[in-house]
Each structure stands twice: as structure tokens, then as C-alpha cells.
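Down below is the structure, laid out as C-alpha cells.
Throughout, numbering of the chain's residues begins at 1 and tracks the sequence. All values below were derived from every heavy atom in this structure, side-chain atoms included, with hydrogens, water molecules and symmetry-related copies excluded. When a ligand or atom number is given, it counts from 1 through the structure's own listing order.
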Amino acid sequence: MPDMSRTAAAVWSDPDFATAWLDADPQGEHDLLALPRLIAARVVAEVTPRPQLVVDVAGGSGKFLGVMLDAFPGARGVWLDASETMLDRARIDLARFGPRVTFTVGDMTELRASGVPGGADVVVTSRASHHLDRAELHGFYREATGLLAGGGWMVNLDHIGPADVWDKRYRSVRRSFGAYRPSAPSHHHNYPLPSAEDHLDGYRAAGVEDLDIAWKAFYTCLFMGRAPQG
Ligand SMILES: C[S@@+](CC[C@H](N)C(=O)[O-])C[C@H]1O[C@@H](n2cnc3c(N)ncnc32)[C@H](O)[C@@H]1O
């Protein structure tokens, strides 16, 4: 397991930290990421109206997987995360989907070894890959896109590292939108975070050329790419 991935997994495996983070994560109308999750589902639906299998990597409480399974009632989901605390929360928050969801505790850089099945129509991940450095990120994209069926979707909603001057502007303006979470526990990040170019290069290196940044606000991007047909 790569070093930065191991460090991140260890932090999130601390139940006190994970619980405090979950409790501070904005919900409902305060959740600025509700829109890009929905955009992702609708862009997928435009091309792939009936996906059968959706994998959520580092799924946390299951917010992204929940949006996908609501949008696609015929799909089943695989949730993977390194944290047992997140597992407990995801089992509660995704309970309404019953046997449609399979839960797997494992590392995002060892998807196959963790038992994630291939043939996925959609792989989503959010707010997790920024813990990886460029080489690890590219390894992640390589393995995750390798799990896709032909024409499947690789979707990543994550924070990126903009140039310093833009980072300062974005952080300041974002606060004015009520996105500042004083009670959120801080956790270690390796700066600079991967840039938007690091992500786009990672998609391309994994063989995904049909891609775009489908949404961007401040330093958070929704990357969407479609694997070539088999
Ligand atoms: C900021 S939370 C985001 C959770 C969820 N994806 C969301 O957006 O609501 C980061 C998640 O990544 C998970 N995580 C961090 N490093 C990981 C790793 N190496 N393998 C698997 N999961 C990891 C954490 O346990 C945590 O659930």
C-alpha cells in the first residue's frame, strides 16, 4: 500500500476523528456538493440510462452512492472504505437500499485485492483522492478504470490544489457561502494537493480520453470520463 494512502487510511480509522468529521459534514441545503453529485448522475444517465453496477471508492457515509442508487433503481452498489466508523455510518445511511449494497472494508489503492468486482458501469469517488500524490493518484485511476465495463464511467469529485494566490481567494470567498465548518476536525494533507492537470493526466494515462471537468466551484472539481467501448 503506498505511504500516503496508508497515512490517510490510519487517520480516518480513528473512530473519534471520523465521527467528529461526519458530525460536522454539511447536510441538506448546506451541502454545497449535492449539486455536483446530481450532475454526475444525470450526465451518466444521458449516455448510460440503466447502469447495473456502481462502485463508490472511499465512500464514507455513502452520500455519492446514495445519489447514484436513487437515480438508477436497477443498479446495485459496492461501497468500499478503509474506516470501520464509516462502515457503521454507511450501513445506517444506505440501509434503505437493502441488499442492493455490498460493503467492503479495504484500501482505495488495492481495489481488486479488497474484493471490488470488475465490470462496473460507474466508479465514483469523492473527497478522498487528494490524499494521494501524483504517482499514487495515477495508479488509482489505472486500477479503478480497469474495473470498468467498456464505456463505463470514472467519476471523481475532489478538492484540487490551485495556485497559491487562487487557493487564498477561493478559501476566503467559500467562507462567505457558509461552507466554513469551525467544528470540523482538521486532518493532515500533503500540500500541494494534486492539481486539475494531475487528475486529467491520470485519466488519460489510464486510457480515458473522453473526459471533462463537468462542474467546478472554488477548489473542488467534478471529473468525469468514459472508458473506451470494450
Ligand atoms: C472526506 S471523507 C469523504 C467520504 C465520502 N466519499 C464523501 O464524500 O462523503 C474521506 C473518506 O476517505 C476514506 N479513506 C481515506 N483514505 C482511504 C484509503 N486509503 N482507502 C480507503 N478509504 C480511504 C476515509 O475513511 C473517508 O471515509
Any atoms of ligand 1 less than 4.0 Å from a non-hydrogen atom of [X]? List them with their elements.
X      : value
Ala9   : 16 (N), 19 (N)
Ala128 : 12 (O)
Met86  : 27 (O)
Gly106 : 20 (N), 21 (C)
Trp21  : 1 (C), 2 (S), 3 (C)
Ala8   : 16 (N)
Ser83  : 25 (O)

Exercise. Heavy-atom contacts under 4.0 Å between Arg127 and ligand 1: side chain, backbone, both, or neither?
Worked result: both
For this session: Classify the contact between Phe64 and ligand 1 as side chain, backbone, both or neither, using a heavy-atom distance cut-off of under 4.0 Å.
Result: neither
Strictly below 4.0 Å, N to O, side chains only: are [X] and [Y] in salt-bridge contact?
X      : Y      : answer
Asp164 : Arg169 : no
Lys63  : Asp25  : yes
Asp121 : Arg226 : no

Exercise. N/O of Ser126 under 3.5 Å from N/O of ligand 1, yes or no?
Worked result: yes
Exercise. Looking only at distance, does Val57 have an N or O less than 3.5 Å from an N or O of ligand 1?
Worked result: no
Test item: side-chain donor near acceptor, [X] and [Y], under 3.5 Å:
X      : Y      : answer
Asp88  : Thr85  : no
Asn156 : Tyr203 : no
Ser129 : Asp158 : yes
Thr109 : Asp107 : yes
Trp79  : Thr104 : no

Exercise. What do you reckon, does Gly59 put a non-hydrogen atom under 4.0 Å from ligand 1?
Worked result: yes
Exercise. Is there a heavy atom in Gly62 that sits closer than 4.0 Å to ligand 1?
Worked result: no
Exercise. Just checking, Arg171 and Phe218: is the charged tip under 6.0 Å from the six-membered ring centre and within 45° of the axis?
Worked result: no
For this session: For atom 2 (S) of ligand 1, state which one of Trp79, Phe17, Trp12 supplies the nearest heavy atom.
Result: Trp12
